[in-house]
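Comments concern the structure below.
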Amino acid sequence: WLNLGGVRRRRGDADAAIHAYATAAALDDDDDAGSSASSSASEAHLALAELRGEAGDVDVALHHAKLATKLAADARQQARARAVLRDLLVIWKAGLRRHEELHPLH
């Protein structure tokens with residue numbers, strides 16, 4: 001499922017990629033096979049975070065980035081997941097500031 005998600009993503013089919021990555025994450029989250037499953041689940045959640053972020057669904061993207069960080073199997077994955085999480089938080093905070101500018105509290 002992880003490989004299929006990558007293929008669909010490269011072909012520009014974000015919906016199919018999201019479905020494949022979500023399936024990979026769900027299957028690997030339930031698997032207790034060890035670091036390989038955790039690594040795959042982290043990759044799947046990270047890809048979902050990136051795709052959802054690109055689609056403007058920042059709250060869902062943040063959720064997946066947090067899961068990717070939690071499931072990271074090594075330092076490289078952990079650093080990559082944290083970088084995506086930081087980028088998404090910047091976007092989320094900018095949206096919050098913009099909302100406050102449009103709707104100030106009195």
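Hydrogens, waters and symmetry mates play no part in the numbers below; they use all other heavy atoms, side chains included. Computed from a predicted model, the values in this text were never measured in an experiment.
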Check residues 48-62 and write down every donor-acceptor pair under 3.5 Å in which the side-chain atom is one partner and the other belongs to a residue at least two apart or another chain.
unit_1, atom_1, unit_2, atom_2, d
Glu50, OE1, Arg9, NH1, 3.1
Glu50, OE1, Arg9, NH2, 3.1
Asp59, OD1, Trp92, NE1, 3.3

Just distance, no hydrogens or angles: give the donor-acceptor pairs under 3.5 Å from side chains in residues 81-88, sequence neighbours left out.
unit_1, atom_1, unit_2, atom_2, d
Arg82, NE, Gln78, OE1, 3.1

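Residues Leu46 and Ile91 are members of one and the same hydrophobic cluster, defined by side-chain heavy-atom contacts under 4.5 angstrom among Ile, Leu, Val, Met, Phe, Trp and Tyr.
Looking at every heavy atom in both residues, Ala17 comes nearest to Arg8 through N-CB, 3.7 Å. Closest approach of Ser42 and Ala68 over heavy atoms only: OG-O, 2.8 Å. Across every non-hydrogen atom of His45 and Ala25, the tightest pair is NE2-CB, 3.4 Å.
Residues Glu100 and Arg97 are not paired through a salt bridge, judged by the lack of any N-O separation under 4.0 Å between the basic side chain and the carboxylate.
Glu43 places no side-chain N or O within 3.5 Å of a backbone atom of Leu2 that could act as its donor or acceptor partner. Side chain of Tyr21 to backbone of Ala41: no donor-acceptor contact under 3.5 angstrom is found.
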